[in-house]
Amino acid sequence: MIARILMLIVAVGLGTTASQLPEFSQQYRQRLGGAIDELAKITNDFAKDARAFGLSVEQAIDRLAQNTDDIAAARGDRMRQTLSRLDSLKEQKEAFAEAGPFARLAVFAQNIDTELAEATAKDFEPAVPVTIEGLVTAGSGFFAGWFGVRLILSLFRRRRRRDAEPDTG
């Protein structure tokens with residue numbers, strides 16, 4: 001009886017936890033769009049400044065990076081990193097847009113931007129899973145918990161029986 005209660009508690013806990021993965025992914029995608037918008041604004045402003053001085057973006061970055069002033073050189077490196085991150089986030093957004101419900105989970109796991117994921121986790125709000133993804137991941141977590149506890153308990157029972165058997169050797 002206690003074993004079944006334990007299995008149920010673990011199964012419900014894992015099912016509930018697993019059901020939040022699609023919700024976390026969805027909140028991450030929302031932040032992804034906001035990050036792209038903000039980085040695009042920064043890079044567009046930089047491009048305008050470069051054009052005002054008759055430079056391409058790459059020429060302006062090179063000029064900053066080669067500057068003897070450390071802060072200017074660091075700014076050039078940072079702008080190069082910002083452009084690279086913007087490209088990476090745009091690719092990820094495209095991959096999300098092209099992926100179906102379950103494939104979005106794979107895209108999320110494969111291309112996660114750690115800075116964005118940490119910010120998402122900080123503000124994450126759990127939600128009731130009403131999508132197919134949420135229901136399937138909840139069910140998967142439930143069954144993994146149920147059968148995982150069952151397997152562990154069966155191993156303990158088997159060992160206890162073996163230890164309780166008289167030594168016939």
Side-chain angles (χ1 to χ4, degrees), residues 1-50 57-58 61 74-160:
M1 181 66 173
I2 292 174
R4 285 194 177 155
I5 292 172
L6 179 62
M7 287 191 308
L8 184 61
I9 289 169
V10 170
V12 169
L14 276 176
T16 302
T17 302
S19 75
Q20 295 309 298
L21 182 58
E23 179 60 24
F24 185 85
S25 174
Q26 185 267 340
Q27 289 181 29
Y28 174 89
R29 288 192 312 273
Q30 288 177 346
R31 278 188 175 269
L32 177 66
I36 289 170
D37 291 346
E38 195 57 32
L39 291 177
K41 182 181 182 319
I42 291 167
T43 57
N44 288 339
D45 287 347
F46 185 82
K48 285 179 192 174
D49 291 343
V57 169
E58 194 57 41
I61 289 173
R75 196 70 216 130
D77 289 340
R78 175 67 68 192
M79 185 51 65
R80 188 170 278 121
Q81 291 168 1
T82 299
L83 286 167
S84 176
R85 183 166 183 236
L86 177 59
D87 288 343
S88 175
L89 295 179
K90 283 180 175 179
E91 287 173 10
Q92 188 178 39
K93 186 175 181 179
E94 260 183 55
F96 275 126
E98 293 170 1
F102 291 100
R104 284 193 300 251
L105 295 175
V107 168
F108 172 70
Q110 292 169 351
N111 303 313
I112 193 164
D113 180 273
T114 54
E115 188 178 327
L116 210 52
E118 287 171 5
T120 303
K122 197 180 282 186
D123 294 333
F124 179 68
E125 293 184 16
V128 175
V130 293
T131 63
I132 294 297
E133 290 170 293
L135 296 173
V136 168
T137 56
S140 298
F142 180 89
F143 287 115
W146 182 269
F147 291 112
V149 171
R150 188 173 182 164
L151 175 67
I152 291 167
L153 290 174
S154 71
L155 293 174
F156 280 117
R157 286 183 190 134
R158 194 174 292 157
R159 183 174 180 185
R160 204 176 326 142

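Quick note: numbers below take in every heavy atom, side chains included, and nothing from hydrogens, waters or symmetry partners. As the structure is a computational prediction, the values presented were derived from the model and not from experiment.
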- Check the pair Ile61 / Leu83 against side-chain contact (heavy atoms from CB on, under 4.5 Å), numbers first and verdict last. CA-CA 10 Å; Ile61 289 173; Leu83 286 167; 3.3 Å; yes
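- Evaluation of the side-chain contact (heavy atoms from CB on, under 4.5 Å) rule for Ala47 yields Arg51, Val57 as partners, not counting sequence neighbours.
- Looking only at side-chain heavy atoms (C-beta outward), Leu14 and Phe142 stay at 4.5 Å or farther from each other.
- The side-chain contact (heavy atoms from CB on, under 4.5 Å) search around Arg150 returns Met7, Trp146, Phe147, not counting sequence neighbours.
- Scanning both residues, Ala18 and Gly141, for their nearest heavy atoms gives CB-CA, 3.9 Å.
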- With side-chain contact (heavy atoms from CB on, under 4.5 Å) as the test, would you mind laying out the steps for Asp113 and Ser88 before giving the verdict? CA-CA 9 Å; Asp113 180 273; Ser88 175; 5.7 Å; no
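- Residues passing the side-chain hydrogen bond (donor to acceptor under 3.5 Å, both in side chains) test with Arg31, sequence neighbours excluded: Asp123.
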- Message: As a quick check of understanding, evaluate side-chain contact (heavy atoms from CB on, under 4.5 Å) for Leu89 and Lys93, giving each step before the final call.
- Response: CA-CA 6 Å; Leu89 295 179; Lys93 186 175 181 179; over 6 Å; no
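- Few gaps surround CG on Leu151; more than 12 heavy atoms of other groups in view lie less than 6.0 Å from it.
- Here ring-ring contact (aromatic ring centres under 6.0 Å, His included) pairs that include residues 74-103, with residues two or more places apart or in two chains, number zero.
- Applying the salt bridge (Lys or Arg N to Asp or Glu O under 4.0 Å) test to every pair with at least one member in residues 33-49, sequence neighbours left out, gives these pairs: Lys41-Asp45.
- In this structure, Glu58 places its CD atom where more than 12 heavy-atom neighbours from other residues, nucleotides or ligands lie under 6.0 Å away.
- Every side-chain contact (heavy atoms from CB on, under 4.5 Å) that Ala95 has, sequence neighbours left out, goes to Val107.
- With sequence neighbours excluded, no residue forms a salt bridge (charged side-chain N to carboxylate O under 4.0 Å, His left out) with Glu94.
- For Gln81, the side-chain hydrogen bond (donor to acceptor under 3.5 Å, both in side chains) criterion is met by Arg78, not counting sequence neighbours.
- For the pair Ser84 (side chain) and Arg80 (backbone), a donor-acceptor distance under 3.5 Å is absent.
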- Message: Quick one, Leu86 with Thr82, criterion side-chain contact (heavy atoms from CB on, under 4.5 Å). Give me CA distance, side-chain angles, the key distance, then yes/no.
- Response: CA-CA 6 Å; Leu86 177 59; Thr82 299; 5.6 Å; no
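- Across Arg85 and Leu116, no two heavy atoms sit closer than the pair NH2-N, 4.2 Å.
- Between atom CD1 of residue Ile112 and atom OG1 of residue Thr120 there is a gap of 8.0 Å, rounded to the nearest 0.5 Å.
- Listed for the Ser25 side chain is no donor-acceptor partner under 3.5 Å among the backbone atoms of Leu21.
- Applying the side-chain hydrogen bond (donor to acceptor under 3.5 Å, both in side chains) test to Thr43 and every residue at least two apart in sequence or in another chain returns nothing.
- Shortest non-hydrogen contact noted between Gln20 and Pro126 is OE1-CA, 3.1 Å.
- Applying the side-chain hydrogen bond (donor to acceptor under 3.5 Å, both in side chains) rule to Gln92 yields the partners Tyr28; only residues at least two apart in sequence or on another chain are considered.
- Scored by the side-chain contact (heavy atoms from CB on, under 4.5 Å) test, Gln26 finds Glu23, Arg29, Gln30 as partners (sequence neighbours excluded).
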